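Step one of this worksheet: look at the structure below.
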Amino acid sequence: MTVRVRFAPSPTGYLHIGAARTALFNWLYARKEGGKFLLRVEDTDLQRSTDESTRSILEGLAWLGISDYDEEIVFQSQSADKHREAAARLVREGKAYRDFTPKGERADSNVKQEIAERARAQSEGSGTDHRANPYRDLPPEESERRAAAGEPYAVRLKVSPEGRTSFADAVYGEQTRDHSEIEDLVLLRSGDLSPLYNLSVVVDDIEMGITHVIRGQDHLTNTHKQILIYEALGARVPVFAHLPLILAPNKAKLSKRKHGEVVSLTTYRDRGFIPAAFRNYLALLGWSPGEENKELMSLEELKSLFSLEGVHRSNAVFNFSDSDPRQWTDQKALWMNAEYVRTMPLEELLPMARGELESAGLWRPEYGAERADWLGRTVELIRQRFITLKDFTGQGRAYFSDEFELDPAAVAKNLKKDAALGELLPALAERVEAVEPWNVETAEHALRAFAEERGVKAGLLINASRTALTGQAVGPSMFDVFEVVGRERSAARLRSAAQFV
RNA sequence: GGCGCGUUGGUGUAGUUGGUUAACACGCCGCCCUCUCAAGGCGGAGAUCACGAGUUCGAGCCUCGUACGCGCUACCA
């Protein structure tokens, strides 16, 4: 039997990293097993679902490299009739029943509290009897009659009072639950008979032939209910694999509302992350290849090493700080991105650098033509100390534009350090202009000779030059910078920097 | 409240028939390199493997209990 998995996001906002990780694991599993990866948009919540969310989720997945769905995308809202039919069938077969209890109002805000309070109240009394519904054993004819008369009803699954349901989770192992703990869950809402989540997923998963359900651990304890639906429907129960949750630094569940942008996948794209790097990082949240504990993995390695056995059971903390901009997201994610930036094949990085330059208005046609070699050399040089793609237009701006700001701290450190620089810099500029040919060696020779003549340390001029030419206090080896920036531009920048001394 | 799941340095993880000083990565500190900062190399701090019992010659690995965390419990998804 070929493996068929699906990723089933609900389009009620952007794709957050937890969901992205779920998608990634599903996809890796499918690719590893030579199976099919499907996508189903769970847009049954009409109020909250938007097309824009769907687009943004698809976009996020594509950014991660996941756009090769093996079949057409399924939109759950279009299958509502099927879900209703399934419920109707269960009623006919006596496996579900109509509940004519008037629909109670529920305050959406404090549901959890309400549940706890209700439970407490019940346990003080006779205990919880999930089978106490007066309509559970209504004769079929009467049920039909009342329904035909237009009396509103909900449809509930008739869970057998005896016994227990269990399944072997591929990650968490054997999971057993007694039926006394499972209520007769509602399948269809009263009134409009719209299907509820548990019914919809099961019917859709059956319809799509899903063999392995890989999803967040927050679904773990609902799985028994869903298995009951599978069984009532006479369908084969898939393999379930639940994934540990990704938590915020305070160990709370990662939420869009509380944690905002850091948890949105598109943030990483927008802030200059490399898809392969972030994918690599994400894969390590809750999974490891074991053995050597290898971390840097290419897509091919990820595909071949991934296994459900390597998924572990405890929740992972996604570490970030909203007070420290240097740790705006997980440090390891940042490190990994930097690692990719400086070690990935240059020809793969170049298009990304180009994209950054273009969006900052710094791209020039000659970079793609006669200056292509220069661009390659420059990118190779500066990428060594970059962390994200944004650095190409941030701290790397001076390599591509004459309009750049001098970092005040760098000015203080390297230019205001010695008043003599006010005179030295223009003189150095003059010397620079006379160098022929212009390359790393000749630039170095010229500067060192000049320093010796003037009786100053070369370091003074080197550091001053760095700030003059790049606006920064830090950067690549200065003579490489001289070469890449060019003789005339170097001279001009040395002259204009004198005013800051 | 009930039920479930989890707990290895600050974080991500390895540790798969129980067997000497608990491994790797990020982060942190120091040294080397050096024109700066990274990278790289070397070294270091940091874990009584949540806690308490038990089984055993021997437990991070097995059993039980406790604590803490998280999740589910809804005519939300």
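A note on names: the letters A, B, ... follow the listed sequences, proteins ahead of strands, and every chain is numbered from 1. Note that the coordinates shown come from a computational prediction; the quantities given were computed from them, not determined experimentally.
Nearest heavy-atom pair across R189(A) and V186(A) is N-CG1, 4.4 Å.
Listed nucleotides rC75(B), rA77(B), rU36(B) differ in distance to Q76(A); the shortest reach to its side chain belongs to rA77(B). Here rA14(B) is the nucleotide among rA14(B), rA77(B), rC75(B) with the atom lying nearest to any side-chain atom of N293(A).
A donor and an acceptor atom, one from each side chain of T467(A) and N414(A), are located under 3.5 Å apart. Side-chain atoms of H242(A) and T223(A) form a donor-acceptor pair, as typed in the model, at a separation below 3.5 Å. Side-chain contact of Q472(A) with D407(A): a donor-acceptor pair under 3.5 Å is absent, judged by distance alone. Side-chain contact of S143(A) with R98(A): a donor-acceptor pair under 3.5 Å is present, judged by distance alone. S53(A) and T50(A) share a donor-acceptor pair across their side chains, judged by distance under 3.5 Å alone. Side-chain contact of T165(A) with H224(A): a donor-acceptor pair under 3.5 Å is absent, judged by distance alone. Side-chain polar atoms of T54(A) and D51(A) form no donor-acceptor pair below 3.5 angstrom. In this model, a donor atom of one side chain and an acceptor atom of the other lie less than 3.5 Å apart for Y268(A) and T329(A). In summary, the side chains of S77(A) and D43(A) do present a donor paired with an acceptor at a separation below 3.5 Å, with no hydrogens or angles considered. Checking N133(A) against D184(A) by side-chain atom types alone, no donor-acceptor pair falls below 3.5 Å.
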Using the 3.5 Å cut-off, write out each protein N or O paired with an N or O of nucleotides 65-70 of chain B and the distance between them.
from: rC70(B); atom 1: O2'; to: N315(A); atom 2: ND2; distance (Å): 3.2

Close N or O pairs between protein and nucleotides 38-46 of chain B (under 3.5 Å):
none

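For D330(A) and rU13(B), the CG to P distance is 10 Å, given to the nearest whole Å. For the pair L381(A) CG and rC35(B) C1', the interatomic distance rounds to 14 Å; values are reported in whole Å. For K332(A) and rA14(B), the NZ to C1' distance is 11 Å, given to the nearest whole Å. Between the CG atom of L415(A) and the P atom of rC35(B) there is a distance of 19 Å, rounded to whole Å. When the P atom of rC5(B) is taken as reference, atom CG of N222(A) falls 15 Å away, rounded to whole Å. Rounded to whole angstrom, the span from the CG atom of L296(A) across to the C1' atom of rC24(B) amounts to 13 Å. Here the C1' atom of nucleotide rU36(B) and the NZ atom of K417(A) are 10 Å apart, to the nearest Å. Going from atom CZ of F240(A) over to atom C1' of rG71(B) covers 17 Å, rounded to whole Å.
Note on K413(A): only backbone sugar-phosphate atoms sit closer than 4.0 angstrom, heavy atoms only; bases stay farther off. The residue H219(A) sits close to a base: some heavy atom pair falls under 4.0 Å. Using a 4.0 Å heavy-atom distance criterion, Y172(A) is classed as a sugar-phosphate-only contact. At the heavy-atom level, P249(A) lies nowhere under 4.0 Å from the strands shown. Within 4.0 Å of E295(A), counting heavy atoms only, lies at least one base atom of the nucleic acid. Residue contacts for G216(A): at a heavy-atom cut-off of 4.0 Å it reaches no nucleic acid atom on any strand shown. Counting non-hydrogen atoms under 4.0 angstrom, L285(A) reaches the backbone sugars and phosphates but no base. Within the nucleic acid shown, D218(A) comes within 4.0 Å of sugar-phosphate atoms alone, with no base atom in reach, counting heavy atoms only. In this structure, S288(A) reaches the sugar-phosphate backbone alone: every heavy-atom distance under 4.0 Å involves primed, P, OP1 or OP2 atoms, never a base. Counting any heavy atom pair closer than 4.0 Å across all strands shown, A458(A) reaches no nucleic acid atom.
Using Watson-Crick or G-U wobble geometry with both donor-acceptor distances under 3.5 Å, rC61(B) finds no partner in any strand shown. Across all strands shown, rG12(B) forms a Watson-Crick or G-U wobble pair with rC24(B), both key distances being under 3.5 Å. A 3.5 Å limit on both hydrogen-bonding distances identifies rC29(B) as the Watson-Crick or G-U partner of rG43(B). If you check rC68(B) for Watson-Crick or wobble pairing at under 3.5 angstrom, you find it paired to rG6(B). Using N1 to N3 plus N6-O4 or O6-N4 for Watson-Crick, or N1-O2 and O6-N3 for G-U wobble, each under 3.5 Å, rA77(B) pairs with nothing. Under the Watson-Crick and G-U wobble criteria, each requiring two contacts below 3.5 Å, nucleotide rG18(B) is left unpaired. Across all strands shown, rU34(B) forms no Watson-Crick or G-U wobble pair with both key distances under 3.5 Å.
Contacts between residues 461-475 of chain A and RNA chain B, counted as heavy-atom distances below 4.0 Å, involve I462(A), N463(A), R466(A), A473(A), V474(A), G475(A).
Proximity of a side-chain donor or acceptor of N319(A) to a complementary backbone N or O of P249(A) within less than 3.5 Å is not detected.
Taking only distance into account, the side chain of T221(A) never meets the base of rC3(B) through a donor-acceptor pair shorter than 3.5 Å.
Atom CD of residue E453(A) and atom CZ of residue R431(A) lie 4.0 Å apart, to the nearest 0.5 angstrom.
Ring centroids of F320(A) and W328(A) are separated by 6.0 Å or more, keeping the two rings apart.
Contact between the side-chain N/O atoms of R177(A) and the OP1/OP2 oxygens of rG4(B) is not found at any separation under 4.0 Å.
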